[in-house]
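Following this message is one structure expressed as structure tokens.
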Amino acid sequence: MATVPDVSSTAPAPASAPVPAAAPASAPAPVLVTGGSGTLGRAVVRTLLDQHRPVRVLSRRPRSPLVPAEVEWVVGDLLTGEGLDDAVAGVQAVVHAATDPSHPQDDVEAVARLLLAARSAHSPHLIYPSIVGADLIPFRYYDAKVEAELLVEHGGVPWTILRATQFHDLVVSMLGTLCAGPMAVVPAGTAVQPVDVRDVAALLVGFVDAGPRGRATDLGGPEVIDSTELAAMYLDARGLRRSVQAVPFPGAIAAAYRSGAHLTPEHADGIGTFAQHLAHRRW
């Protein structure tokens, strides 16, 4: 009977035997950023690149020459599913920064398709940014964010949801409208807690290593600022001389904002201030 060789032997190999090369360390899996050309998406991509992480972007737009060479670009559509399977293949996490406030129900459809694609792949960690007070303010876009949150929570993939207060850019846009006339008219009894988008991006990227957190602690900007003071700051930064008048805005949405439903003063953990944003903004 033939003798079965003892493969567990620790005897040294003959001197002439080649020494196997060490297996190369596997490269880290990329992080997918949807909406990578938007305000939040650009900040997330920049944060990932600064940390020397592999980045993949899913966008409906063709790659711009301004996109850094290190970024892998996938053209696709979250509403049709085009390119989605390629985008999620082999990623360790997805930061879903794509959004369209003008078509809120599309956001819900996009999350549903993204979840289906993720489950068909290997269920990467889905990191979803949302809005403080989305469940308390009767605004259609916020309703869609809450609906999308529920899909993420029950979508069958590991998940983290981060609610943040209003980005500096959004606050500037709102003030541009309110201050457009000969007199700045702002909602009375209302404050805002602007947050730097880079602070939001840093926290979202931090969740990649931290792993799924479920509903994370809300993130607010460092200051809660009354609307009249915000308008004065904006006008001063623009070099405009206009009076500011605070008037009661009607309706349930305005009432919810007056109640502070969109604020999280107990989590004023953002670093960048609104004054700093105004000082460095290119008008």
Side-chain angles (χ1 to χ4, degrees), residues 35-47 61 64 66 97 99-104 129 131-134 137 139-142 145 163-204 218-251 253-265 267-283:
S37 57
T39 300
L40 177 58
R42 289 196 306 271
V44 171
V45 169
R46 185 70 264 164
T47 302
R61 302 175 182 176
S64 163
L66 300 178
T99 187
D100 184 358
S102 62
H103 297 89
I131 304 168
V132 169
I137 300 172
F139 181 41
R140 182 66 194 95
Y141 177 55
Y142 286 13
K145 297 296 283 187
R163 288 184 175 184
T165 53
Q166 285 68 37
F167 297 164
H168 290 155
D169 281 338
L170 175 62
V171 176
V172 167
S173 177
M174 294 167 56
L175 289 168
T177 300
L178 295 172
C179 299
M183 174 186 294
V185 179
V186 298
T190 304
V192 182
Q193 191 176 357
V195 68
D196 192 318
V197 69
R198 295 170 296 183
D199 293 336
V200 180
L203 196 51
L204 293 172
D218 292 349
L219 174 63
E223 301 171 299
V224 176
I225 309 173
D226 183 78
S227 61
T228 54
E229 183 180 352
L230 277 173
M233 294 170 68
Y234 171 84
L235 291 168
D236 183 62
R238 297 294 307 272
L240 301 174
R241 290 182 173 274
R242 288 173 192 165
S243 61
V244 179
Q245 180 68 43
V247 300
F249 279 30
I253 294 176
Y257 278 105
R258 283 194 298 273
S259 75
H262 60 303
L263 306 176
T264 180
H267 299 300
D269 299 319
I271 298 172
T273 68
F274 188 59
Q276 290 169 335
H277 176 79
L278 292 174
H280 292 94
R281 186 181 179 91
R282 295 181 180 179
W283 300 100

Discussion item. Could you tell me if the side chain of Arg238 sits less than 4.5 Å from the side chain of Leu278, heavy atoms only?
Written reply: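 Not in contact.
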
Worksheet item: Got more than 12 heavy atoms from elsewhere within 6.0 Å of CZ, Arg198?
Response: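 Counting neighbours around CZ of Arg198, 12 or fewer heavy atoms of other residues, nucleotides or ligands fall under 6.0 Å, so no.
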
Discussion item. So does Ser37 get a backbone contact from the side chain of Arg42, meaning a donor-acceptor N/O pair under 3.5 Å?
Written reply: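 Yes; judged by distance alone, with no hydrogens or angles, the pair exists.
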
Practice prompt. Nearest 0.5 Å please: distance from the OG1 atom of Thr165 over to the CD1 atom of Ile131.
Written response: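 Spacing of OG1 (Thr165) from CD1 (Ile131) equals 10.5 Å.
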
Discussion item. Return the NE2 to NE2 distance between His280 and His168, rounded to the nearest 0.5 Å.
Written reply: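 Reported value, rounded in 0.5 Å steps: 12.5 Å.
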
Fill in: Contact summary for Pro222 and Gly270, nearest pair of heavy atoms
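Here Pro222 and Gly270 meet closest at CB-O, 3.3 Å.
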
Worksheet entry | Aromatic ring pairing Tyr234/Trp283, orientation class (parallel under 30°, perpendicular over 60°, tilted between) |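 Geometry flag for Trp283 against Tyr234: perpendicular rings.
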
Discussion item. If you count heavy atoms of other groups shown closer than 6.0 angstrom to CE of Met233, is the number above 12?
Written reply: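 For Met233, atom CE is crowded (more than 12 foreign heavy atoms under 6.0 Å).
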
Discussion item. Quick check against the 3.5 Å criterion: does Gln245 have a side-chain atom that pairs as donor or acceptor with the backbone of Val185?
Written reply: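 Such a contact is absent between Gln245 side chain and Val185 backbone.
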
Worksheet item: So which heavy atom on Asp199 is nearest to which on Gly272, and how close?
Response: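 Closest heavy-atom pair between Asp199 and Gly272: OD2-N, 3.0 Å.
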
Worksheet entry | Spacing of Lys145 atom NZ and Ile137 atom CD1 [to the nearest 0.5 Å] |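 Rounded to the nearest 0.5 Å, the NZ-CD1 separation comes out at 13.5 Å.
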
Worksheet item: Roughly how far, to the nearest 0.5 Å, is CG of Leu235 from CZ of Arg241?
Response: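 Answer rounded to 0.5 Å: 11.0 Å.
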
Fill in: Heavy-atom closest contact (Pro129 atom, Ala97 atom, distance)
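Shortest heavy-atom separation between Pro129 and Ala97 comes out as CG-CA, 4.4 Å.
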
Discussion item. Just checking Arg61: does its CZ atom have more than 12 heavy atoms from other residues, nucleotides or ligands closer to it than 6.0 angstrom?
Written reply: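 It does not: Arg61 CZ has 12 such atoms or fewer within range.
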
Fill in: Parallel, tilted or perpendicular, as decided by the 30° and 60° cut-offs, for the rings of Phe139 and Tyr141
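Tyr141 vs Phe139 ring planes: perpendicular.
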
Worksheet item: Can you find a pair of side-chain heavy atoms, one from Thr47 and one from Leu204, that are under 4.5 Å apart?
Response: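 No, too far: nothing below the 4.5 Å cut-off.
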
Worksheet item: Looking at Pro194 and Glu223, what are the two nearest heavy atoms and their distance?
Response: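 Heavy-atom minimum between the residues: CD-O, 3.7 Å.
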
Item to complete: Specify the closest pair of heavy atoms between Ala164 and Val200, including all atoms of both residues, with the distance to one decimal.
Response: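 In this case the closest contact between Ala164 and Val200 is CB-CG2, 4.0 Å.
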
Discussion item. Please find the pair of heavy atoms, one from Ala191 and one from Val224, that lie closest to each other, and give the distance.
Written reply: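 Minimum heavy-atom contact is CB-CG1, 3.6 Å.
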
Discussion item. Please report the interatomic distance CZ(Phe249) to OG(Ser227), rounded to the nearest 0.5 Å.
Written reply: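 Rounded to the nearest 0.5 Å, the CZ-OG separation comes out at 8.0 Å.
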
Worksheet entry | Residue pair Asp196 / His277, side-chain heavy-atom distance below 4.5 Å |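 When only atoms from C-beta onward are counted, His277 and Asp196 do not touch, as no gap falls below 4.5 Å.
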
Worksheet item: So how far is it from Leu263 CG to Gln166 CD, rounded to the nearest 0.5 Å?
Response: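 Between atom CG of Leu263 and atom CD of Gln166 there are 7.5 Å.
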
Discussion item. Determine whether a donor-acceptor pair (N or O, by modelled atom type, separation under 3.5 Å) exists between the side chain of Glu229 and the backbone of Asp226.
Written reply: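 Not confirmed, Glu229 side chain does not pair with Asp226 backbone.
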
Worksheet item: Just wondering, do Leu230 and Val192 contact through their side chains at under 4.5 Å, heavy atoms?
Response: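 In short, these two side chains touch, coming nearer than 4.5 Å.
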
Worksheet item: Taking the side chain as C-beta and beyond, is there a heavy-atom pair between Val172 and Phe274 under 4.5 Å?
Response: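 The answer is yes; the side chains approach within 4.5 Å.
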
